[in-house]
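Below is one structure; the comments refer to it alone.
Chain letters run A, B, ... following the sequence lines, proteins first and then strands; every chain starts at 1.
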Protein chains: 2
Amino acid sequence: MSQPIRLLIVDDHQIVRMGLRALLQLEADLEVVAEAGDSEAALRAFHQHRPDVTLLDLRMPGGGLETLKQIRQHSPEARTLLLTTSEKEEDVHACLRAGARGYAFKSMPPNALANAIRVIHGGGLWIPAEVARIDSNRKATPELSPRELEVLRLLVKGLTNPEIGELLAISRSTTKVHVAHILEKLGVADRTEAASEAFRRGLLPD
Amino acid sequence: MSQPIRLLIVDDHQIVRMGLRALLQLEADLEVVAEAGDSEAALRAFHQHRPDVTLLDLRMPGGGLETLKQIRQHSPEARTLLLTTSEKEEDVHACLRAGARGYAFKSMPPNALANAIRVIHGGGLWIPAEVARIDSNRKATPELSPRELEVLRLLVKGLTNPEIGELLAISRSTTKVHVAHILEKLGVADRTEAASEAFRRGLLPD
DNA sequence: CCGCCTATCGGCCACCTGGCCGATGCGCCC
DNA sequence: GGGCGCATCGGCCAGGTGGCCGATAGGCGG
């Protein structure tokens, strides 16, 4: 290993940044060349330092996913490892679609993290079994249309079909059609379960 | 400051533990005497080292809240600072009721964390404004009874009242009463909104 | 050009919902 | 002992739900 793998750490929690830096310093072939605590700083640091691998927190101000997309927009070859705590289905898919090379959990043992970084640096993908499982599930569950998402947002607030119809300036009949599609696509039986699924999958921006 | 404040760090993420250790080492009057990654290790470390202040992650295997309760059971004078990322209403209240001296977010600036530790070590409480706000809200929203929680768990799965009644071996009438109480206590209008509130407040063990 | 998706609307109907009326019994605490 | 919370059960009823039948219209891609 002549040249160390140069890393960029992006996480809004300074605690996590320092922890990652401390952990990764233990590996001789890894070098943290920059840190960033928000989306803008991440983009600046990326273009300035051109890291081999970027560690990106999913949940941060400015949006980890948006940051990923912006990085990939200018540098499609960028190798990015998502770091996160929870695994909401929507997040996983959105990230993989956006071109993340790996999806890791903060709870993983440190040496596994180092291995993930090496795999990604070598051009590979690092997808844990849980994520792969989610990913295969996903193909069976189609995406909601924009209109259906609008209805879903009102539905989880406890609004009835007539109320939703009034707010969206459509009839109760149309609302019913949207709700029926939502139930079908989420694979659930009623609106209450749909609300639960929406939260579980992270379909809503809270 | 003759004697440094002796700290115990409890968090299942090694990344966070190392980050906290790195951050707190910068403060001359703070000393990390032990770490633990799960509930059992936390109890052992607490009784062995008798830290002045314990930093406790809320979300960890074994349950941060349960760990707190067990520590306080044997050492009611223990000074504990909860560390967490999200603020679900139920968590906040349960922790404060269980005797936590402070409730801090991992996103807070590092020096604020050190200050929080010093305040708690001095016998004070460290409650951020957001948490205090949640805490005052809480008094208006009473707790759910055990039976109501059972019903709520089935309700969010999309089960109807007759179905819930059958599973719990009670009549539809009784189920309706429980649901009505749930709606009233959560301050919502229907079961769909109740499901949303349950997720928002973290009432369910996922 | 025709199929498919999306969005819009209507009616019918069995079922579920939630509010309101009533009731009983149990345990706990002052 | 009497009140209070909890849990249990029943009936009545206006309204919401979700499945099923139909229909029209625009857009997009093979």
Side-chain angles (χ1 to χ4, degrees), chain A residues 90 93-94 97 138-201 203-204, chain B residues 90 93-94 97 138-201 203-204:
Chain A
E90 265 317 287
H93 284 286
R97 262 175 290 158
R138 186 67 180 81
K139 292 182 180 74
T141 62
E143 286 185 60
L144 297 184
S145 75
R147 198 55 159 170
E148 286 159 2
L149 272 179
E150 279 185 276
V151 172
L152 180 59
R153 282 190 205 102
L154 299 173
L155 186 152
V156 300
K157 290 184 181 174
L159 300 190
T160 67
N161 289 338
E163 289 168 344
I164 295 173
E166 193 169 357
L167 276 179
L168 298 182
I170 57 180
S171 78
R172 184 197 90 115
S173 307
T174 305
T175 308
K176 276 184 57 177
V177 174
H178 291 310
V179 171
H181 288 163
I182 291 171
L183 300 184
E184 185 192 356
K185 290 184 179 179
L186 294 185
V188 298
D190 58 52
R191 52 176 57 220
T192 305
E193 197 181 356
S196 299
E197 270 298 298
F199 275 88
R200 200 178 68 73
R201 301 196 190 186
L203 288 175
L204 306 168
Chain B
E90 264 319 287
H93 285 286
R97 262 177 289 154
R138 185 68 179 83
K139 292 183 180 73
T141 64
E143 285 183 62
L144 297 184
S145 75
R147 198 57 158 170
E148 286 158 2
L149 272 178
E150 278 185 275
V151 173
L152 180 59
R153 283 191 203 101
L154 299 173
L155 185 152
V156 300
K157 290 183 181 172
L159 301 189
T160 67
N161 288 339
E163 289 167 344
I164 294 174
E166 193 168 358
L167 275 180
L168 297 182
I170 57 181
S171 78
R172 186 197 87 112
S173 307
T174 306
T175 308
K176 278 184 56 178
V177 174
H178 290 311
V179 172
H181 287 163
I182 291 171
L183 299 185
E184 185 191 356
K185 290 183 178 178
L186 293 185
V188 298
D190 58 51
R191 53 177 54 221
T192 306
E193 197 180 356
S196 299
E197 270 297 298
F199 274 90
R200 200 177 67 74
R201 300 196 190 187
L203 288 176
L204 306 168

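Here D/dT8 presents its C1' atom at 7 Å from NE2 of B/H178, a figure rounded to the nearest Å. At whole-Å resolution of the value, CG in B/L149 and C1' in D/dA7 are 15 Å apart. C/dG18 atom C1' lies 13 Å from atom NE2 of B/H181, rounded to whole Å. Counting to the nearest Å, the P atom of C/dT8 and the CD1 atom of A/I170 are 5 Å from each other. Rounded to an integer number of Å, the gap from CD of B/E184 to P of C/dG18 is 14 Å. The CD1 atom of B/I182 sits 13 Å away from the P atom of C/dT17 (whole-angstrom rounding).
Across all strands shown, A/T174 has heavy atoms under 4.0 Å from base atoms, whether or not it also approaches the sugar-phosphate. Backbone-only engagement by B/S145 is indicated by non-hydrogen atom pairs under 4.0 Å involving sugar-phosphate atoms exclusively.
Across the helix from C/dC1-D/dG30 to C/dC30-D/dG1, the helix axis at one end is tilted relative to the axis at the other end by 40° (nearest 10 degrees, each axis from five pairs).
How far CG of A/L144 is from CD of A/E184: 11.0 Å, rounded to the nearest 0.5 Å.
Looking only at side-chain heavy atoms (C-beta outward), A/R191 and A/N161 come within less than 4.5 Å of each other. Taking 4.5 Å as the limit, every side-chain heavy atom of A/E148 sits out of range of all side-chain heavy atoms of A/L152.
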With sugar-phosphate taken as primed atoms, P, OP1 and OP2 and all else as base, the protein-contact string of nucleotides 25-30 of chain C at under 4.0 Å (heavy atoms; B, S, -) is ------
Would you mind building the protein contact string for nucleotides 15-30 of chain D? One character per nucleotide, 5' to 3', B for base within reach (heavy atoms under 4.0 Å), S for sugar-phosphate only, - for untouched.
-SBBB-----------
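Residues meeting the side-chain contact (heavy atoms from CB on, under 4.5 Å) test with B/V188, sequence neighbours left out: B/L183, B/L186, B/E193, B/A194, B/E197. Residues passing the side-chain contact (heavy atoms from CB on, under 4.5 Å) test with B/S196 are A/V156, A/A195, A/F199, sequence neighbours excluded.
The residues B/R153 and B/E150 are annotated as not salt-bridged, no charged nitrogen and carboxylate oxygen being separated by less than 4.0 angstrom.
When the side-chain nitrogen and oxygen atoms of B/S173 are compared with OP1 and OP2 of D/dT8, none of them lie within a distance under 4.0 Å.
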Listing, residues 164-171 of chain B side-chain donor-acceptor contacts under 3.5 Å, not counting sequence neighbours, or none:
| from | atom 1 | to | atom 2 | distance (Å) |
| --- | --- | --- | --- | --- |
| B/S171 | OG | B/S173 | N | 3.2 |
| B/S171 | OG | B/T174 | N | 3.3 |
| B/S171 | OG | B/T174 | OG1 | 3.3 |

